[in-house]
**Student:** 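Pasting a structure below so you can have a look.
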Amino acid sequence: MSLLVRAAGLVKEFRRAKRVPGRMSVLRTFLSREYDVIRAVDDVSFDIHEGELVGYLGPNGAGKSTTIKMLTGILTPTEGTVDVAGNDPSRRRKANALNIGVVFGQRSQLWWDLPLRESFRAIRDLYGVPAAEGDKRQHELVELLDMQEFLDAPVRQLSLGQRMRGDLAAAMIYQPRLLFLDEPTVGLDVVAKHRIREFVAHANQARGTTVVLTTHDLEDVERLCRRIVLIDHGRVLYDGALSELMSRYAPYRDLVVTLASPHDVTVEGAEQVARDGPVVTLRFRSDQVKAPAIIAATTAAAEVVDLAVVEPRLEDVVSRIYTQRGLPA
Ligand SMILES: Nc1ncnc2c1ncn2[C@@H]1O[C@H](COP(=O)(O)OP(=O)(O)OP(=O)(O)O)[C@@H](O)[C@H]1O
């Protein structure tokens, strides 16, 4: 796989007027020439290869949007370098724009008063997509995202889910090599989320589009991303496979059993971590002991009426990382 994005030692600092306390604070802050420097991105480096689908994650204020803005050319780095398909995005914004598609869940890139069909036409013209190729691509996207029935309605009349589908299609119609998705499923119902995820997976797998996904919805991540980059306070905490993060930081399974009567259970190789009436949770190291062995030992030790083996949730691992402000020991 060839290298598509290289971020090396990226730093972005913002200046924010220092708040002057006391009477007339707002006016005095405005007139004061003192600033605080905020290091929103602090020495971030990563490579992304063609065809990858990377989750770029972090808590609120971690520096995700600031990084993405540097990759798309909206912001110039304070230090460090960015290369996106051979372009320095902030110096060659137009050339970079031809290679990238950007979708923001929170705000539309479409023309509010135009029907989607007209927006697509305008974008195709803007990007110089040949007519026959554009027609074919548009037809395909309309089918894939099931947009036929609202193609002629002005964007302002669309539901959030319809608008998101429109935004995705608009970003893909000129076939960018790299797609940035910022919270693409925020505010959508389960069916709409599913549809968006299916489309993104298809774009990545069938068309080979490289995707950088920023999201707080960890189901998006579980469904789509093999690799994640986790940042906080502008620094990379983890960059690697999602499966590796889970096996390294949550190498356990829970056996949840419902007993015929409420009591504690002692089983070798497992630890009882919770009991709620007759429902007991036994945790065991999945890298050291197999689930069937724990199940057999538990059913021998107690009268079990129901049981389930539960995998650790990404949400638990990530929330531990966020609260500890670092990777668990
Ligand atoms: N234009 C700006 N001027 C001053 N500070 C800024 C500016 N843009 C971002 N920041 C600050 O930089 C830090 C990182 O912000 P950023 O928007 O990159 O975070 P984020 O990870 O995208 O957060 P969220 O998940 O809430 O969108 C925050 O402390 C934010 O207040």
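In this text, all values refer to a predicted model and were calculated from it rather than measured experimentally.
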**Student:** Got a salt bridge between D42 and R235, using NZ or NE/NH1/NH2 to carboxylate O under 4.0 Å?
**Tutor:**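 Yes.
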
**Student:** Assess whether a salt bridge exists between D220 and K193, defined as any Lys/Arg side-chain N lying under 4.0 Å from an Asp/Glu carboxylate O.
**Tutor:**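 A salt bridge is absent here (no side-chain N lies under 4.0 Å from a carboxylate O).
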
**Student:** For the residue pair T209 / N204, report whether a side-chain donor-acceptor contact shorter than 3.5 Å exists.
**Tutor:**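 Distance-only check fails for N204 and T209.
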
**Student:** Check this for me: does any side-chain nitrogen of one of R156 and D113 sit under 4.0 Å from a carboxylate oxygen of the other?
**Tutor:**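 Salt bridge between R156 and D113, a charged N being under 4.0 Å from a carboxylate O: yes.
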
**Student:** Taking the side chain as everything from C-beta on, heavy atoms only, tell me whether D316 gets closer than 4.5 Å to Y249.
**Tutor:**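 No, side chains not in contact.
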
**Student:** Could you list all the ring-ring contact (aromatic ring centres under 6.0 Å, His included) pairs where at least one residue sits in residues 151-188, not counting sequence neighbours?
**Tutor:**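 ring-ring contact (aromatic ring centres under 6.0 Å, His included) check on residues 151-188 returns Y127-Y174.
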
**Student:** Looking at R197 and D217, is any side-chain nitrogen of the basic one under 4.0 Å from a carboxylate oxygen of the acidic one?
**Tutor:**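 Result for this pair is yes, salt bridge flagged.
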
**Student:** Answer yes or no: are there more than 12 heavy-atom neighbours, outside H49 itself, under 6.0 Å from its atom NE2?
**Tutor:**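 Enclosed: over 12 neighbouring heavy atoms sit under 6.0 Å from NE2 of H49.
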
**Student:** Using salt bridge (charged side-chain N to carboxylate O under 4.0 Å, His left out), reason through D36 and R16 one step at a time and then give a plain yes or no.
**Tutor:** CA-CA 5 Å; D36 281 325; R16 193 181 281 162; over 6 Å; no

**Student:** Answer yes or no: is there a donor N or O on one side and an acceptor on the other, between the side chain of R165 and the main chain of L145, under 3.5 Å?
**Tutor:**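 Indeed, once roles are kept as given, a pair shorter than 3.5 Å links the two residues.
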
**Student:** Using every non-hydrogen atom in the two residues, find where S45 and G9 come nearest and quote the distance to one decimal.
**Tutor:**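 Shortest heavy-atom contact: OG-N, 2.8 Å.
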
**Student:** Would a 4.5 Å heavy-atom cut-off, applied to side chains only, mark I100 and L179 as touching?
**Tutor:**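 No, side chains not in contact.
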
**Student:** Any carboxylate oxygen within less than 4.0 angstrom of a Lys/Arg side-chain nitrogen, looking at E198 and R223?
**Tutor:**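 R223 and E198: salt-bridged.
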
**Student:** Got a salt bridge between R137 and E140, using NZ or NE/NH1/NH2 to carboxylate O under 4.0 Å?
**Tutor:**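 A salt bridge links R137 with E140.
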
**Student:** Any carboxylate oxygen within less than 4.0 angstrom of a Lys/Arg side-chain nitrogen, looking at R275 and D264?
**Tutor:**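 Salt bridge between R275 and D264, a charged N being under 4.0 Å from a carboxylate O: yes.
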
**Student:** Whether D152 and R117 form a salt bridge (side-chain N of Lys/Arg under 4.0 Å from carboxylate O of Asp/Glu) is what I want to check.
**Tutor:**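 Salt bridge: yes.
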
**Student:** So, D167 and S108: side-chain donor and acceptor under 3.5 Å apart, yes or no?
**Tutor:**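 A pair is found: one side chain offers a donor N or O, the other an acceptor, under 3.5 Å apart.
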
**Student:** Judged by modelled atom types alone, do R283 and Q272 share a side-chain donor-acceptor pair under 3.5 Å?
**Tutor:**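 No.
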
**Student:** Flag yes if more than 12 heavy atoms outside E244 fall under 6.0 Å of its CD atom; otherwise flag no.
**Tutor:**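 Check passes, neighbour count above 12.
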
**Student:** Counting N and O atoms only, with roles assigned by atom type, does the side chain of D276 sit under 3.5 Å from a partner on the main chain of V279, one being a donor and the other an acceptor?
**Tutor:**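 No: the side chain of D276 does not pair with the backbone of V279.
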
**Student:** Between R124 and D135, is the closest basic N to carboxylate O distance under 4.0 Å?
**Tutor:**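 Result for this pair is yes, salt bridge flagged.
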
**Student:** Is the backbone N or O of G58 less than 3.5 Å from a side-chain atom of Y322, with the two atoms forming a donor-acceptor pair by type?
**Tutor:**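 Side chain of Y322 to backbone of G58: a pair is present.
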
**Student:** Which pair of non-hydrogen atoms, one from L151 and one from P115, has the smallest distance, and what is that distance?
**Tutor:**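 Nearest pair, atom of L151 first, then P115: O-CB, 3.8 Å.
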
**Student:** Tell me the closest heavy-atom pair linking R227 and F46, and the distance in Å.
**Tutor:**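 Looking at all heavy atoms of both residues, the closest pair is NH2-CB, 3.9 Å.
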
**Student:** Stepwise, does the salt bridge (charged side-chain N to carboxylate O under 4.0 Å, His left out) test hold for R226 with E52?
**Tutor:** CA-CA 8 Å; R226 223 172 304 147; E52 278 197 281; over 6 Å; no

